[in-house]
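The next block holds one structure in the form of structure tokens; read it before the comments.
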Amino acid sequence: RIRVQEDDEARYMYFDRTLQSAMNLKDPTALRLIYSRYTSLGFTFRPDAKKVLIIGLGGGSIPKKLQKEFPSMEVDVVEIDPEVIQIAKNHFNVRDGKNLRLHAQDGRLFLTRTANQYDIIMIDAYYSDAMPFHLATREFFELAQRKLAPNGILVTNLISAVTGPSGKIARAFVKTQRRVFPQAYVFAARRPENVSVDSIQNVIVIATKDKQRLDIKEIVKRAAALDK
């Protein structure tokens, strides 16, 4: 069940009881949800990205932001549910065009069939509170690797803890991913008041083909340079 509601500040999209997207009414392209800002870390690894694939649309916060900040960037967004695409257009100011293309299709099927290669592939796909299993297998990661440019990266939004009993999903995901990609970087996208990595939260995982690992200080330095 897809539900759209709003208060004085924002409009929200829910799948069943799970919040999927939020849009500031005064600034529709601002990234309101913390996790969506963390996905920008992908650009610290590929600041020169020209072609991006996003699997999962929701309210379209991330593609809208890319469309505003990088108007020449080519962005393909694949969303399995055509109703979600229609709601994103009608209620969340999503406008497709020459450089932002919306595809009503399964993400893995699209990736299998496309001849494109991408600098960044981003997975932000959820039913209500669970990630589709077929986007978290070794076979999918091998497919993604083939469809990435030579130094392309894979960015994934998970809902999991990092450590402790609730972190099994993230740890299993990274373990599987490391069988295909040499490096995986894990970022807990938490609010300052929620400091425990044992807590279930959005976790951003970035996988790269590089054999040499980037130091966290270098990542922060690059992020600061991007922010300027």
Exercise. Under 4.5 Å between any side-chain heavy atoms of E9 and L25, yes or no?
Worked result: no
Exercise. Can you tell me if R95 uses its side chain to pair, donor with acceptor, with the backbone of K89 under 3.5 Å?
Worked result: yes
Exercise. Does the pair Y118 and D76 meet the rule for a side chain to side chain donor-acceptor pair (under 3.5 Å), with working shown?
Worked result: CA-CA 10 Å; Y118 295 94; D76 282 311; 2.7 Å; yes
Exercise. Is the F92 to Y12 ring centre distance short of 6.0 Å?
Worked result: no
Exercise. Around atom CD1 of I169, are there more than 12 heavy atoms of other residues, nucleotides or ligands at under 6.0 Å?
Worked result: no
For this session: Decide side chain to side chain contact (heavy atoms under 4.5 Å, CB included) for Q201 and I159; before the verdict, give the C-alpha distance in whole Å, the side-chain angles of both, and the deciding distance to 0.1 Å.
Result: CA-CA 5 Å; Q201 59 202 285; I159 296 177; over 6 Å; no
For this session: Taking the side chain as every heavy atom from C-beta outward, state whether I80 and Q105 have any atom pair closer than 4.5 Å.
Result: no
Exercise. Between F133 and F140, does the ring centroid distance fall short of 6.0 Å?
Worked result: no
Problem set entry | Test item: N151 and R46 side chains (from C-beta on) under 4.5 Å apart, heavy atoms | yes
Exercise. What distance separates L19 CG from R17 CZ, expressed to the nearest 0.5 Å?
Worked result: 14.5 Å
Exercise. Are L109 and L111 close enough, and set up right, to give a side chain to side chain contact (heavy atoms under 4.5 Å, CB included), and what steps lead you there?
Worked result: CA-CA 5 Å; L109 189 61; L111 203 53; over 6 Å; no
Exercise. After noting the C-alpha distance and the side-chain angles of E74 and R101, does the key distance pass the side chain to side chain contact (heavy atoms under 4.5 Å, CB included) rule?
Worked result: CA-CA 8 Å; E74 290 185 53; R101 300 176 289 266; 3.2 Å; yes
For this session: Kindly give the heavy-atom pair with the smallest separation between P63 and V77, and that separation in Å.
Result: CB-CG2, 3.9 Å
Exercise. Which heavy atom in S160 sits nearest to a heavy atom in S166, and how many Å separate them?
Worked result: OG-O, 3.3 Å
Exercise. Relative to each other, are the rings of H103 and F110 parallel, tilted or perpendicular (30° and 60° limits)?
Worked result: tilted
Exercise. Got D96 and I85 here, is their nearest side-chain heavy-atom distance under 4.5 Å?
Worked result: no
For this session: Could you tell me whether the side chain of K50 and the main chain of D119 form a donor-acceptor pair under 3.5 Å?
Result: no
Exercise. Is a donor on one side and an acceptor on the other found under 3.5 Å between the side chain of K168 and the backbone of T163?
Worked result: no
Exercise. Is there a side chain to side chain donor-acceptor pair (under 3.5 Å) between S36 and S61 once you walk through the steps?
Worked result: CA-CA 8 Å; S36 61; S61 300; 5.7 Å; no
Problem set entry | CA sep, side-chain torsions, deciding dist, call: L41, T39, side chain to side chain contact (heavy atoms under 4.5 Å, CB included) | CA-CA 5 Å; L41 281 165; T39 62; over 6 Å; no
Exercise. Which pair of non-hydrogen atoms, one from L135 and one from A125, has the smallest distance, and what is that distance?
Worked result: CD1-CB, 3.8 Å
Exercise. Do N202 and L158 touch side chain to side chain, with heavy atoms closer than 4.5 Å?
Worked result: no
Problem set entry | Backbone of M13 reached by a side-chain donor or acceptor of Q20 within 3.5 Å | no
For this session: Give a yes or no answer on whether the side chain of N24 reaches the backbone of A10 with a donor-acceptor pair at less than 3.5 Å.
Result: no
Per-pair distances, 0.1 Å, donor-acceptor, side chain in residues 174-189, under 3.5 Å, sequence neighbours excluded:
unit_1, atom_1, unit_2, atom_2, d
T176, OG1, A172, O, 2.9
R178, NE, P182, O, 3.0
R178, NH2, P182, O, 3.3
Q183, OE1, R213, NH1, 2.9
Q183, NE2, K211, O, 2.9
Y185, OH, L214, N, 2.7

Exercise. Ignoring hydrogens and geometry, is there a side-chain-to-backbone donor-acceptor pair from K65 to L31 under 3.5 Å?
Worked result: no
Exercise. When rounded to the nearest 0.5 angstrom, what distance separates CG in L53 from CD1 in I120?
Worked result: 11.0 Å
Problem set entry | Ion pair R222/E218, N-O distance below 4.0 Å | yes
For this session: Report yes or no: does D16 contribute a side-chain atom to a donor-acceptor pair with the main-chain N or O of T18 at less than 3.5 Å?
Result: no
Exercise. So, does N99 use its side chain to make a donor-acceptor pair with the main chain of Q67 at under 3.5 Å?
Worked result: no
Exercise. Between R11 (side chain) and A22 (backbone), is there a donor-acceptor pair under 3.5 Å?
Worked result: no
Exercise. Are more than 12 heavy atoms from other residues, nucleotides or ligands located less than 6.0 Å from atom CD of E139?
Worked result: yes
For this session: With the side chain counted from C-beta on, respond yes when D106 and I55 share a heavy-atom pair under 4.5 Å apart, and no when they do not.
Result: no
Exercise. Within a reach of under 6.0 Å around CD of Q5, are more than 12 heavy atoms found that belong to other residues, nucleotides or ligands?
Worked result: yes
For this session: Kindly give the heavy-atom pair with the smallest separation between I153 and G42, and that separation in Å.
Result: CD1-O, 3.3 Å
Problem set entry | Flag for T137-R108: side-chain donor and acceptor within less than 3.5 Å | yes
Problem set entry | Donor-acceptor contact below 3.5 Å, side chain D124 vs main chain N157 | no
Exercise. Heavy-atom distance under 4.5 Å between the side chains of I54 and V75, does that happen here?
Worked result: yes
Exercise. What heavy-atom pair brings N116 and T114 nearest, and what distance separates the two atoms?
Worked result: N-OG1, 3.0 Å
Exercise. Rounded to the nearest 0.5 Å, how far apart are CZ of F45 and OG1 of T208?
Worked result: 6.5 Å
Problem set entry | L226 versus P47, closest heavy-atom pair with distance | CD2-CB, 4.3 Å
